[in-house]
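Both backbone and side-chain heavy atoms feed into the values below; hydrogens, waters and symmetry mates do not. What you are looking at is a predicted structure, and each value in this text was computed from that prediction instead of being measured.
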Amino acid sequence: MSKIIVRADDLGYSKGINLGIAETVHNGIIKNVGVMVNMPETKNGLNLLKNDNICLGLHTNICAGYPLTNPKLIPSLTNSDGSFIKSKVFRESNTDLVNLDEVVLEIEAQYKKFVELVGEKPGYFEGHAVSSNNFIKGLSIVAQRHNLNFLGLPNWPESDAIKFKNTHLHAIMDSMGENYNPYKTLKKAALKTYNDNSYSMMICHPGYLDDYILNHSSLTIPRTQEVAMLTDSKVKEWLNDNKIELIKYTDL
């Protein structure tokens with residue numbers, strides 16, 4: 001039997017995102033959910049999933065909402081009003097804007113907040129949206145400090161492989177591309193085979209669109225498309241027919 005990880009990112013981003021993710025857990029195939037602990041809707045999102053047997057990860061966020069650290073201590077990450085600098089600014093810069101010492105402070109604060117909210121360490125530990133070398137280094141530092149299951153970023157387009165525990169996961173995320181079809185992406189990920197003991201990992205961002213998301217995120221329609229695919233009974237049937245098992249990070 002083949003195995004695949006299918007993950008939902010961004011719990012806590014907004015009410016609409018929380019409701020969409022909850023739908024994919026309760027009536028769909030999602031068993032892994034990444035939590036943004038610094039957002040106003042985080043507690044509400046966790047309450048929607050409090051009775052579900054899923055793997056919760058820390059989706060460390062340094063580009064949406066406000067930090068948990070005093071903004072004056074992390075000026076490389078924040079605007080004059082104290083909010084996080086948007087991911088677009090990081091992406092468009094020719095240099096790494098993230099200060100390593102500063103980002104470690106915020107990552108540490110978010111890790112402690114996760115433990116406070118969830119009551120245990122995250123099942124996996126990774127970052128949201130910002131492909132900064134110093135951000136990745138900061139995540140690695142905090143992961144080593146607390147013995148966390150760190151999940152880095154793939155070196156796209158050269159490689160999609162990420163080391164995780166004693167195996168490798170092959171990341172597939174097509175939602176930012178043109179003519180996105182989540183059904184095709186899931187089947188591509190699920191049917192892909194590897195010579196070593198590794199697995200496909202489809203990264204999803206399911207959610208419903210509300211005013212906050214429409215004004216703060218560049219990813220919109222693909223979120224609703226993913227809710228539809230992840231809760232489609234025909235998808236469950238296809239996975240069963242093809243003997244594909246949905247697994248959690250904690251299963252590895």
Side-chain angles (χ1 to χ4, degrees), residues 1-11 21 24-35 49 52-60 114 118 120-129 131 136 139-140 143-144 147-177 180-206 222-223 225-252:
M1 176 174 280
S2 299
K3 298 179 180 181
I4 183 175
I5 283 179
V6 184
R7 181 177 103 210
D9 286 352
D10 295 353
L11 188 78
I21 291 176
T24 66
V25 171
H26 298 152
N27 300 305
I29 65 173
I30 288 295
K31 296 181 180 291
N32 304 276
V33 175
V35 185
L49 305 178
D52 295 290
N53 181 24
I54 58 174
C55 175
L56 293 174
L58 177 51
H59 192 50
T60 313
F114 182 98
V118 179
E120 61 185 15
K121 291 182 178 182
Y124 61 98
F125 180 71
E126 46 84 42
H128 166 75
S131 299
I136 302 304
L139 289 168
S140 180
Q144 291 179 17
N147 193 27
L148 305 178
N149 295 316
F150 177 52
L151 183 66
L153 289 176
N155 186 27
W156 282 318
E158 287 78 13
S159 173
D160 61 9
I162 309 170
K163 190 178 187 306
F164 183 74
K165 295 184 179 179
N166 296 317
T167 186
H168 284 86
L169 300 175
H170 296 266
I172 298 176
M173 187 182 76
D174 296 339
S175 55
M176 300 298 289
Y180 176 49
N181 184 324
Y183 289 89
K184 289 183 179 180
T185 297
L186 175 68
K187 291 182 178 180
K188 175 178 67 175
L191 295 175
K192 197 164 184 179
T193 58
Y194 306 95
N195 294 327
D196 56 351
N197 180 32
S198 59
Y199 308 94
S200 287
M201 174 180 66
M202 182 177 175
I203 303 171
C204 301
H205 301 81
R223 295 182 184 273
Q225 292 174 317
E226 289 183 339
V227 173
M229 182 277 289
L230 294 166
T231 58
D232 191 333
S233 60
K234 292 181 180 178
V235 168
K236 293 181 182 179
E237 292 174 7
W238 182 86
L239 291 168
N240 288 330
D241 290 343
N242 286 273
K243 295 181 171 55
I244 297 166
E245 179 185 359
L246 297 161
I247 59 174
K248 297 182 286 188
Y249 288 98
T250 46
D251 294 330
L252 300 175

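Atom NZ of Lys163 is surrounded by more than 12 heavy atoms from other residues, nucleotides or ligands within 6.0 Å. Counting non-hydrogen atoms of other residues, nucleotides and ligands closer than 6.0 Å to CG of Asn166 gives a total of 12 or fewer.
Nearest heavy-atom pair, His205 versus Ser175, reported as atom, atom and distance to 0.1 Å: ND1-OG, 4.0 Å. Residues Leu49 and His26 come closest through the heavy atom pair CD2-NE2, 4.1 Å. Between Pro206 and Cys204, the closest heavy-atom pair is CD-C, 3.4 Å. Between His168 and Ala161, the shortest heavy-atom contact is CD2-CB, 4.4 Å. The minimum heavy-atom distance between Cys55 and Gly123, with the atom names listed, is SG-CA, 3.8 Å. The two residues Trp238 and Asn242 have their closest heavy-atom pair at O-ND2, 2.8 Å.
Rounding to the nearest 0.5 angstrom, the gap separating the CG atom in Leu151 from the CZ atom in Arg7 is 6.0 Å. Once rounded to the nearest 0.5 Å, the distance linking OG1 of Thr185 with CE of Met173 reads 10.5 Å. Note that OH of Tyr124 and CG of Leu58 are 9.0 Å apart. Values are rounded to the nearest 0.5 Å. Note that OH of Tyr180 is 5.5 Å distant from CE of Met229, once rounded to the nearest 0.5 Å. Here the CG atom belonging to Asp160 is positioned 7.5 Å from the OG atom belonging to Ser200, to the nearest 0.5 angstrom. Note: Leu148 CG to Ser140 OG = 10.5 Å, rounded to the nearest 0.5 Å.
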query = Can Asn53 and Lys248 be said to form a side-chain hydrogen bond (donor to acceptor under 3.5 Å, both in side chains), step by step?
reply = CA-CA 10 Å; Asn53 181 24; Lys248 297 182 286 188; 3.2 Å; yes
request  = Please step through side chain to side chain contact (heavy atoms under 4.5 Å, CB included) for the pair His59 and Leu11, ending with a clear verdict.
outcome  = CA-CA 8 Å; His59 192 50; Leu11 188 78; over 6 Å; no
inquiry  = For a side chain to side chain contact (heavy atoms under 4.5 Å, CB included) check, start with the C-alpha distance between Val6 and Leu246, then their side-chain angles and the critical distance, and finish with the verdict.
reply    = CA-CA 7 Å; Val6 184; Leu246 297 161; 3.8 Å; yes
Stepwise salt bridge (Lys or Arg N to Asp or Glu O under 4.0 Å) check, Arg223 with Asp10 = CA-CA 11 Å; Arg223 295 182 184 273; Asp10 295 353; 3.1 Å; yes
inquiry  = Could you go through Val35 and Val118, starting from their C-alpha distance and side-chain angles, then the distance that decides it, and tell me whether this counts as side chain to side chain contact (heavy atoms under 4.5 Å, CB included)?
reply    = CA-CA 10 Å; Val35 185; Val118 179; 5.5 Å; no
message = Could you walk me through whether Leu186 and Ile29 satisfy the side chain to side chain contact (heavy atoms under 4.5 Å, CB included) test, starting with their C-alpha distance in whole Å, then the side-chain angles of each, then the deciding distance to 0.1 Å, before giving a yes or no?
response = CA-CA 11 Å; Leu186 175 68; Ile29 65 173; 4.2 Å; yes
message = Set out, in order, the CA-CA distance, both residues' side-chain angles and the distance that settles ring-ring contact (aromatic ring centres under 6.0 Å, His included) for Tyr249 and Phe164, then state yes or no.
response = CA-CA 9 Å; Tyr249 288 98; Phe164 183 74; 5.3 Å; yes
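Although no hydrogens or angles enter the test, the distance criterion places a donor-acceptor pair under 3.5 Å between the side chain of Asn32 and the main chain of Ile247. When atom types are taken as modelled, the side chain of Asp9 and the backbone of Ile203 share no donor-acceptor pair closer than 3.5 angstrom. Ser2 contributes no side-chain N or O that, together with a main-chain N or O of Ile244, makes up a donor-acceptor pair within less than 3.5 Å. Not a single donor-acceptor pair under 3.5 Å links the side chain of Asp232 to the backbone N or O of Ala228. Checked by atom type and distance alone, the side chain of Thr60 pairs as donor or acceptor with a backbone atom of Glu126 at under 3.5 Å.
Put simply, the side chain of Asn147 reaches to within 4.5 Å of the side chain of Lys121, judged on heavy atoms. Taking the side chain as every heavy atom from C-beta outward, Ile5 and Leu252 approach each other to under 4.5 Å. Residues Lys3 and Asp251 are not in side-chain contact: their nearest non-hydrogen atoms beyond the backbone lie 4.5 Å or more apart. Residues Phe125 and Asn149 are not in side-chain contact: their nearest non-hydrogen atoms beyond the backbone lie 4.5 Å or more apart. In this structure, the side chains of Ile21 and Val33 come closer than 4.5 Å at one or more pairs of heavy atoms. Side-chain contact check for Lys188 versus Asp174: some heavy-atom pair is nearer than 4.5 Å. No side-chain heavy atom of Phe150 sits under 4.5 Å from any side-chain heavy atom of Ile162.
The aromatic rings of His170 and Tyr194 lie parallel to each other, their planes meeting at an angle below 30°, with 60° marking the opposite boundary.
If you run side-chain contact (heavy atoms from CB on, under 4.5 Å) between Val25 and each of Thr231, Leu230, Asp52, only Asp52 comes through.
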